[in-house]
There are 2 protein chains.
Amino acid sequence: MSIAERKEREKQEMKNLIIQGAMEVFLELGYEKTSIRTIADRIDYSPATIYLYFKDKDSLFLEVQHVSFGLLIQEMAGLADLDDPVSQLREMGYRYLQFGIEHPEHYDLMFIINDPLVCLMEDEKEWHNGHQMYQVLVGVVERCIQCNLIRMTDPQLATLMIWSTVHGLVALHCRNRLWAVGISPETMPSIGKSYIDQFIETIRT
Amino acid sequence: MSIAERKEREKQEMKNLIIQGAMEVFLELGYEKTSIRTIADRIDYSPATIYLYFKDKDSLFLEVQHVSFGLLIQEMAGLADLDDPVSQLREMGYRYLQFGIEHPEHYDLMFIINDPLVCLMEDEKEWHNGHQMYQVLVGVVERCIQCNLIRMTDPQLATLMIWSTVHGLVALHCRNRLWAVGISPETMPSIGKSYIDQFIETIRT
DNA sequence: TGACTTACTAAACACTGTTCAGTATCTTCG
DNA sequence: CGAAGATACTGAACAGTGTTTAGTAAGTCA
């Protein structure tokens, strides 16, 4: 079955080529302004070819999103080295925020864009990726609560609040709503750090 | 100049008719799926007519957004009756969250959607509306800090954090990202209340 | 070599935002 | 009143979109 294997491999390589091209264009132009024709042009194939490998634009987008999730998870490596759970929490906050500031397009694809992901039940892959990272956060928060280091008691609610607080800032930044309160994109990194520091100080016992 | 006045009035009425139709369609279909043709159909005019009253789709959208801001500001009426600033803060949180849950499409138009608002400098109207409400929040937070009722010292940073925390939850809810952490839309109202309560308890001294 | 399968594409369909030439109505002035 | 001019509106077109389909060319297998 060597030929069949090679065919399968070539098929996967073709998928990867499309995903890579799509990623480039998605990050350059954003989701809405990216057209299948542009992606096809980028990789020197016809638009119709893409539909032989992906059901539709959303389906292709989900694959790109999966790669983005991988990047963020990678960014969180080595957190367990910090033995203080509050330090872990702060460090996660720093890195999450930094990721949002440095890769707003990736962040947008993962947490803000509308279309797909509604079909979570159908797409196990994404669910798994996002859920996995959330569980890491839940673990850290649980340890903080167990050691009585933060002013919350319910791990689920606390985790949700912590995530939302950081996501809120990144989301407002990604969608340029912070101009209205006098924060320019350039000042975001320094404000972001103060933001996390203040938040940790506020919730810790 | 009676005729000129009448013309001016008719022009304004026509603008309002278009805005009203656009609002309906925007709320039904969302920003991206709304087409000028659909709006035109809804009010029985040709698509081209809309371009006599509004520069482009974004410009029309900004007018609709302005109406949405009015709704939210209206929702915040009577807050000064509560003499305890922390109660004011909690009540603002309740109402803001409820607005986001009850009118996710409006909320989307105001705080999540991408395209316009980037041109804040050009559009004084929106800036004014959003900034006004933010200033109300800043005022409440300042009083909380003055009375030493919350665990923060910098009003600007504190206000940003409080807004972001609530916005974060609403934004995740609007974009269906809470499914991934086991929260379904139906449970949002009750979770939302706990969320605000926990947040207030966490930040108060 | 002939039959079958696969990979790919040109062209079309139905949609989008936007523009423009042209019409039909209303206003103004002689 | 009637001609000239301004105003309000639209049909049709342009260039773009996601997606489908019929057809071609190449690779595989008997």
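What's counted below: heavy atoms across the whole structure, side chains too, no hydrogens, waters or symmetry copies. Chain letters run A, B, ... following the sequence lines, proteins first, then strands; residues in each count from 1.
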Go through the steps to decide whether B/Thr159 and B/Asp154 satisfy the test side-chain contact (heavy atoms from CB on, under 4.5 Å), and finish with yes or no. CA-CA 8 Å; B/Thr159 307; B/Asp154 179 355; over 6 Å; no
Residues in contact with DNA chain D, drawn from residues 16-25 of chain B - heavy-atom cutoff 4.0 Å: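 Nucleic-acid contacts, sorted: none.
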What is the distance, rounded to the nearest whole Å, between atom [atom1] of [X] and atom [atom2] of [N]?
X       : N      : atom1 : atom2 : result
B/Met14 : D/dA8  : CE    : P     : 10 Å
B/Leu29 : C/dC15 : CG    : C1'   : 14 Å
B/Glu10 : D/dC9  : CD    : C1'   : 14 Å
A/Phe61 : D/dT19 : CZ    : P     : 14 Å
B/Tyr45 : D/dC9  : OH    : P     : 5 Å
B/Lys11 : D/dT7  : NZ    : P     : 8 Å
B/Leu52 : C/dA21 : CG    : P     : 14 Å
B/Ile50 : D/dG11 : CD1   : P     : 13 Å

Does C/dC8 have OP1 or OP2 sitting under 4.0 Å from an N or O in the side chain of A/Thr49?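 It does not, given that no N or O in the side chain of A/Thr49 lies less than 4.0 Å from OP1 or OP2 of C/dC8.
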Does D/dC9 have OP1 or OP2 sitting under 4.0 Å from an N or O in the side chain of B/Tyr53? yes
Please verify the inter-ring angle class for A/His103 with A/Phe99; under 30° counts as parallel, over 60° as perpendicular, anything in between as tilted. tilted
Please work out whether the ring planes of A/Tyr31 and A/Phe61 are parallel, tilted or perpendicular, with thresholds of 30° and 60°.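 Judged by the thresholds at 30° and 60°, the geometry between A/Tyr31 and A/Phe61 is perpendicular.
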So does A/Arg42 pair up with A/Glu24, basic N to acidic O under 4.0 Å?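 Yes, this pair counts.
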Considering all heavy atoms of both residues, which atom of B/Gly168 and which atom of A/His167 are nearest to each other, and what is their separation? O-CD2, 3.5 Å
Minimum heavy-atom distance B/Val170-B/Gly100, with the two atoms named: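 Smallest interatomic distance, heavy atoms only, reads CG1-CA, 3.7 Å.
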Reckon B/Phe54 touches a base, only the sugar-phosphate, or nothing at all at heavy-atom distances under 4.0 Å? nothing
Report the C-alpha distance between A/Tyr96 and A/Tyr107 in whole Å, list the side-chain angles of each, state the deciding distance to 0.1 Å, and finish with yes or no for ring pair (Phe, Tyr, Trp, His ring centres under 6.0 Å). CA-CA 10 Å; A/Tyr96 189 97; A/Tyr107 194 88; 5.6 Å; yes
Residue pair B/Arg37, B/Asp41: steps toward the salt bridge (Lys or Arg N to Asp or Glu O under 4.0 Å) verdict: CA-CA 6 Å; B/Arg37 283 171 179 81; B/Asp41 268 8; over 6 Å; no
What does the list of N/O pairs under 3.5 Å between the protein and nucleotides 16-19 of chain C look like, with a distance for each?
from   : atom 1 : to      : atom 2 : distance (Å)
C/dT16 : OP1    : B/Ser35 : OG     : 3.0
C/dG17 : OP1    : B/Thr34 : O      : 3.1
C/dG17 : OP1    : B/Ile36 : N      : 3.0
C/dG17 : OP2    : B/Ile36 : N      : 2.8
C/dG17 : N7     : B/Arg37 : NH1    : 2.6
C/dG17 : O6     : B/Arg37 : NH2    : 2.8
C/dT18 : OP2    : B/Tyr51 : OH     : 2.5
C/dT18 : OP2    : B/Lys57 : N      : 2.9
C/dT18 : O5'    : B/Tyr51 : OH     : 3.2
C/dT18 : O4     : B/Arg37 : NH2    : 3.4

Could you check whether any side-chain N or O of A/Arg90 sits under 3.5 Å from a backbone N or O of A/Gln88, counting only pairs where one atom can act as donor and the other as acceptor?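 Not a single qualifying donor-acceptor pair exists.
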